[in-house]
Engineer: 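Got a structure for you, written out below as C-alpha cells; questions coming shortly.
Keep in mind the model is a prediction, meaning the values are calculated, not measured.
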Protein chains: 2
Amino acid sequence: MSDAEIDRLFQALADATRRDIVARVTAGEYSVSGLAALYDMSFAAVQKHVAVLERASLITKERRGREQIVRAHYEGLQRARRLLDDYEAIWRQRAGRIADILAEEPGEEAGR
Amino acid sequence: MSDAEIDRLFQALADATRRDIVARVTAGEYSVSGLAALYDMSFAAVQKHVAVLERASLITKERRGREQIVRAHYEGLQRARRLLDDYEAIWRQRAGRIADILAEEPGEEAGR
DNA sequence: CTGATATACAACCATTTAGTTGTAGGTTAC
DNA sequence: GTAACCTACAACTAAATGGTTGTATATCAG
C-alpha cells in the first residue's frame, strides 16, 4: 500500500460528512441523491464527498438504472484499521523492551 | 469525542511524514531537531508537522533543557483505532441482519 | 559575555479542499 | 416524445494545507 493510498484513506476519513456517509452505506444501501437529501449542502458537494470516498477505496458505486448505488467497501476500512494496529504493535514492542530493561538487575550496564 | 477532534485525528494521520514521526516517537524518544534531521525539509516544516500531531493528541512534547522531547501519546492512537472498530461493528451488525433475512423461511414476509 | 544550538512564530506563496452555481447527458414515467 | 429525475463535470471562490525564509528568544558551553 503506497503512501499516497494511505494519505487518501485517512484524508477521506478526516471529514464528518464523509464519515457519516461511510456509516450509513455500511448499514444499508443509498443512491447518491438519497445521501444528498440527508445533508444541508448541494447535491454536487455530496457527490464530491462520495468521489473522495471512492478514490480512497472506502466505498464503491454501482449503477442501477438512473441511480448510482453507493455501498461500503469493507476492505478499505479494514486496511485503515490494520495500519493503526501496526502502530500499536510498535508501541507494545517498545513497552516490552522497557519492561526488559526494568527487569535487569541493578548494577548491570543497562545500555549494553 | 467531537467531530472536530476526530477530523484533526485523521487529518494528522493523512500525511506520510507525520505517520513516520508517529512511528519513530512510538519506538523511542526524539527531540524536534532530532526529527527534523531525518527529513529533507526545513526545521520549521517539521515543527509544523509536530504541532499538527500535538493538536491531534497523537504526541506530547516535554521540555528538557533547551530541547523539546516528543513522545507518542498512546491514547490518541487508540481512539482512532476504536473509531474504525465502531465502523466494523456496524458492518458486522448488518452482516448479521442479512444472515437473519436469509435464514427466514421462504414464503414469509421478509420485509415485515 | 559570547557564540552556538533549539525552539517558536510570523509572513509569504503555491496548491488543495470544500463549497457554490450552472450546464449537459442518460433514464424513467407518462 | 416530453417532462421529471439522477448523475457528471466544469468553473469559480474562500479557506486550509504544506512548504519556504526570516526573526526573536531561551539555553548551554566556554
Engineer: Does any part of the side chain of A:K61, heavy atoms only, come nearer than 4.5 Å to the side chain of A:V70, both counted from C-beta?
Structural biologist: yes
Engineer: For every nucleotide of nucleotides 24-30 of chain C, 5' to 3': is a protein heavy atom under 4.0 Å from its base (B), only from its sugar-phosphate (S), or from neither (-)?
Structural biologist: ---BB--
Engineer: I need the CD-C1' distance between A:Q68 and D:dC5, as an integer number of Å.
Structural biologist: 14 Å
Engineer: Atom CG of A:D15 and atom P of C:dT16: how far apart are they, to the nearest Å?
Structural biologist: 19 Å
Engineer: Given atom CD of B:E67 and atom C1' of D:dT27, what is their separation to the nearest angstrom?
Structural biologist: 11 Å
Engineer: Using whole Å, what does the distance between atom P of nucleotide C:dT5 and atom CD1 of B:I69 come to?
Structural biologist: 17 Å
Engineer: Taking any heavy-atom pair under 4.0 Å as a contact, classify B:A44: base, sugar-phosphate, or nothing.
Structural biologist: base
Engineer: Do B:R24 and B:D20 sit within salt-bridge range, that is, some charged N less than 4.0 Å from a carboxylate O?
Structural biologist: yes
Engineer: D:dT7 phosphate, OP1 or OP2: any side-chain N/O from A:Q47 under 4.0 angstrom?
Structural biologist: no
Engineer: Taking C-beta and beyond as the side chain, do A:T26 and B:Q93 meet within less than 4.5 Å on heavy atoms?
Structural biologist: no
Engineer: Considering just the side-chain nitrogens and oxygens of A:S42, establish if one lies under 4.0 Å of OP1 or OP2 belonging to C:dT20.
Structural biologist: yes
Engineer: Between residues 23-41 of chain A and DNA chain D, which residues have a heavy-atom gap below 4.0 Å?
Structural biologist: A:S31, A:V32, A:S33
Engineer: Evaluate the side-chain proximity of B:H49 to B:Y39: yes if any heavy-atom separation is below 4.5 Å, no if none is.
Structural biologist: no
Engineer: Check this for me: does any side-chain nitrogen of one of B:D85 and B:R81 sit under 4.0 Å from a carboxylate oxygen of the other?
Structural biologist: yes
Engineer: Rounding to an integer number of Å, can you tell me how far B:L53 CG sits from D:dT17 C1'?
Structural biologist: 14 Å
Engineer: Does A:A45 or B:F43 map to a spot on DNA chain C nearer the 5' end, using the closest nucleotide for each?
Structural biologist: B:F43
Engineer: Can you find a heavy atom in the side chain of B:Y87 that is under 4.5 Å from one in the side chain of A:V22?
Structural biologist: yes
Engineer: According to a strict under-4.0 Å criterion, is A:K61 in side-chain N/O contact with OP1 or OP2 of D:dA8?
Structural biologist: yes
Engineer: Below 4.0 angstrom from OP1 or OP2 of C:dT17, is there any side-chain N or O of A:Q11?
Structural biologist: no
Engineer: Roughly how many Å is it from CZ in B:R55 to C1' in D:dA16, rounded to a whole number?
Structural biologist: 11 Å
Engineer: Quick one: does A:L58's side chain get under 4.5 Å of A:I21's, heavy atoms only?
Structural biologist: no
Engineer: Rounded to whole angstrom units, what separation is found between the NZ atom of A:K48 and the P atom of C:dG22?
Structural biologist: 15 Å
Engineer: Could you list the donor-acceptor pairs under 3.5 angstrom formed by side chains in residues 41-48 of chain B, with sequence neighbours left out?
Structural biologist:
from: B:S42; atom 1: OG; to: B:A45; atom 2: N; distance (Å): 3.1

Engineer: If we only count heavy atoms from C-beta on, is the A:L35 to A:V25 side-chain gap below 4.5 Å?
Structural biologist: yes
Engineer: Should B:H49 be listed as having a side-chain N or O under 4.0 Å from OP1 or OP2 of D:dG19?
Structural biologist: yes
